[in-house]
Amino acid sequence: MTSLAQVNDCITVGGDNNPQFAIKTSEEGKKKNRKRRHNKMASSWSAPALELSCPVCQDIFKDPVLLPCSHSFCNVCVQQWWRTKQTRVCPVCKAVSPRSNIPPRNLVLKNLCEAFLLEVESGVVCRLHTERLKLYCVDHQTPVCIVCRDSSQHRNHTFTPVNEAAEFHRNGLLKRLEPLREKVKLFHEVKAKWEKTDEDIKNQAGETERKVREEFRVLRTFLQEEENVRIAALKQEEMHKRGMMKDKISVLIREINAMESTIKTIEDGLTDDDTSFLIKVDTLTKETQRPLPDDPRHVTGALINVAKYLANISFSVWCKMIEKVSYTPVILNPNTAHEELHLSECLTSVTCGPKQPLASTPERMEQHRCVLGFEGYSSGTHSWIVEVGDSQVWALGVIAQDAQRMGNILSGLWMLRFCHGKFTAFCPSRPGSVLPLKDRPQRVRVYLDWEKGKLSFLDQQTDTVLHTFTHTFTSKLFPYINTWSDLPLKILPMKLSVTVTNLLKNCR
């Protein structure tokens with residue numbers, strides 16, 4: 001049987017026939033030692049399974065005990081043997097063990113058996129022949145032992161040492177692992193970008209909410225001021241007309257008091273005795289002959305002019321609001337702006353400046369320093385005016401939605417570019433052509449007729465046509481603005497007006 005000195009556990013024997021085992025490590029330490037021994041044996045196991053088998057059950061030792069004669073057996077096996085034989089004799093050498101002697105556990109052998117079983121379960125040892133798997137069958141793609149090599153199952157097969165086969169497969173896995181690592185790296189990069197996008201969404205929402213609240217605060221302020229003006233005018237009219245009525249009532253009261261005083265004087269005289277009445281009769285008669293005041297006339301326009309304050313109040317306020325608000329036909333989309341373009345808060349002006357840490361999204365323009373309009377057009381006529389001012393480099397036009405999605409901008413871009421005194425027209429159907437223009441416009445009007453396939457650029461001040469493209473449009477078109485200058489390009493607001501038309505309908 002394999003020497004017990006192969007294992008590093010410490011064994012002390014006390015007495016001639018009473019061996020005792022002292023274990024250095026704790027329970028946790030024993031587990032670590034067993035694992036360490038198994039790892040070591042996995043590469044150097046040499047004990048045949050026969051030497052780790054119980055002589056009684058012929059199976060791998062389970063809870064082995066050591067008899068005084070130095071033979072080892074499974075605890076259950078030796079106890080069963082003794083009950084059967086009715087004597088405590090060794091199943092191998094027939095040596096008798098004293099009844100007072102309790103067989104101690106053979107922990108060293110137990111550890112060896114556990115290590116061997118672990119090795120068998122791990123697949124390092126052949127389950128059929130309990131031999132170490134030292135060869136690799138190329139045909140069956142599996143490790144085998146030396147006995148398996150000579151069996152009929154692997155006859156005429158090709159074998160190679162397991163270390164060479166392992167090295168070959170390791171190299172193959174390393175090569176296949178590289179694309180996976182690259183994919184993980186890519187996913188980490190995208191994750192970082194998406195986290196940045198998530199933070200941008202949060203910031204955009206907060207900033208947009210602030211601007212929306214500010215816009216409505218201005219509207220509420222305007223409405224509150226209009227309300228205050230109307231209420232103040234109402235109060236003023238009320239005060240004026242009530243003052244007028246109070247004055248009239250005061251005059252009327254004085255006349256009433258005078259007439260009532262005359263009446264009382266006459267009525268008092270009528271109650272006097274005859275002599276006193278006759279003495280006062282001339283005076284009383286003169287009182288009755290005084291001219292009566294004219295009858296009070298109803299006052300016209302005395303009531304509040306309610307219709308003046310309530311007639312079409314919302315429409316009237318809206319008409320007045322038009323003077324305060326503006327309408328810009330093209331609003332720039334900040335999600336499409338190049339990272340070097342800076343938009344105004346109202347999204348109607350753009351300048352070129354330092355690069356900004358913006359999230360990379362599919363709609364963002366990266367090839368050109370440009371920004372697109374928020375709304376696209378797939379029908380109708382549309383017009384907008386851009387104030388280019390003294391900017392030395394700019395371009396205006398439209399871009400097809402399909403070209404934006406595919407990232408091939410030039411395949412769907414119609415634009416007029418100004419660069420240091422020279423005008424160039426670009427379109428997908430032909431290369432850029434220089435335009436023989438003399439005057440430099442300060443404001444350019446872009447006119448699009450989608451159905452007629454017409455895109456024109458005009459000097460807004462002189463109404464001179466700078467250039468016109470003709471094309472059969474099939475995709476939605478978005479306004480395109482490009483600049484390399486720190487001077488702003490501004491989309492000018494349109495003048496608003498309200499026209500009221502009376503519609504007469506025939507009544508039956």
Side-chain angles (χ1 to χ4, degrees), residues 1-9 30-64 70-78 80-81 91-93 106-187:
M1 188 171 289
T2 303
S3 174
L4 301 182
Q6 291 180 346
V7 181
N8 293 328
D9 289 341
K30 287 191 293 182
K31 292 179 181 179
K32 294 181 179 179
N33 287 339
R34 282 196 297 270
K35 185 176 181 180
R36 184 171 61 250
R37 284 194 299 271
H38 167 254
N39 292 337
K40 183 176 180 180
M41 292 177 183
S43 59
S44 61
W45 184 268
S46 59
L50 182 63
E51 297 185 12
L52 298 179
S53 300
C54 173
V56 177
C57 65
Q58 302 299 315
D59 199 357
I60 303 298
F61 285 107
K62 297 180 182 64
D63 191 19
S70 298
H71 291 121
S72 294
F73 305 91
C74 298
N75 187 25
V76 174
C77 293
V78 73
Q80 181 66 32
W81 179 273
V92 175
C93 65
N106 192 339
L107 295 182
V108 174
L109 183 58
K110 181 174 181 291
N111 291 337
L112 283 172
C113 293
E114 289 179 352
F116 176 78
L117 290 174
L118 285 174
E119 199 168 67
V120 172
E121 291 174 1
S122 67
V124 178
V125 175
C126 179
R127 293 181 179 272
L128 295 177
H129 311 109
T130 64
E131 294 287 340
R132 185 163 181 80
L133 304 176
K134 296 182 178 181
L135 299 175
Y136 182 79
C137 178
V138 178
D139 297 82
H140 284 171
Q141 298 284 302
T142 183
V144 296
C145 68
I146 297 177
V147 179
C148 290
R149 179 192 60 184
D150 299 330
S151 66
S152 59
Q153 184 181 4
H154 296 280
R155 187 169 299 165
N156 299 325
H157 286 185
T158 302
F159 299 91
T160 184
V162 291
N163 59 336
E164 294 182 7
E167 185 66 20
F168 172 78
H169 286 287
R170 281 194 182 96
N171 293 335
L173 285 176
L174 286 175
K175 291 179 181 179
R176 296 185 179 184
L177 192 61
E178 194 60 31
L180 183 60
R181 287 173 176 166
E182 292 295 328
K183 186 68 71 174
V184 170
K185 180 181 177 182
L186 174 63
F187 275 41

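Below, all heavy atoms of this structure are taken into account, side chains as well, without hydrogens, waters or symmetry copies.
With contacts defined as side-chain heavy-atom distances shorter than 4.5 Å, the pair Arg149/Lys134 does not qualify. Using a 4.5 Å cut-off on side-chain heavy atoms (C-beta onward), His71 and Pro55 make no contact. Side-chain contact between Asn75 and Pro64 is absent, with no heavy-atom pair separated by less than 4.5 Å. Using a 4.5 Å cut-off on side-chain heavy atoms (C-beta onward), Thr160 and Val138 make contact.
Across Pro143 and Tyr136, no two heavy atoms sit closer than the pair N-CD1, 3.8 Å. Among all heavy-atom pairs drawn from Phe61 and Cys54, the shortest one is CE2-CA, 3.5 Å.
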- Audit row: Leu112, Leu52, side-chain contact (heavy atoms from CB on, under 4.5 Å) steps and yes/no: CA-CA 8 Å; Leu112 283 172; Leu52 298 179; 4.2 Å; yes

- Could you please spell out the steps behind the side-chain contact (heavy atoms from CB on, under 4.5 Å) verdict for Leu135 and Cys145? CA-CA 6 Å; Leu135 299 175; Cys145 68; over 6 Å; no

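Taken from CG in Asn163 to CZ in Arg170, the straight-line distance is 9.0 Å, to the nearest 0.5 Å. Between the CG atom in Leu180 and the CZ atom in Phe187 there is a gap of 10.0 Å [rounded to 0.5 Å]. To the nearest 0.5 Å, the span separating CZ on Arg181 from CG on Leu174 amounts to 6.5 Å. Taking SG from Cys148 and CG from Leu133, the interatomic distance works out to 7.5 Å, rounded to the nearest 0.5 Å. Between the OG atom in Ser53 and the CD1 atom in Ile60 there is a gap of 4.0 Å [rounded to 0.5 Å]. If you take CG on Leu109 and CD on Glu114, they are separated by 10.0 Å, rounding to the nearest 0.5 Å.
When the ring-ring contact (aromatic ring centres under 6.0 Å, His included) test is applied to His140, the partners found at least two apart in sequence or on another chain are His154, His157. Under the rule for a side chain to side chain donor-acceptor pair (under 3.5 Å), Glu182 has no partner lying at least two apart in sequence or in another chain.
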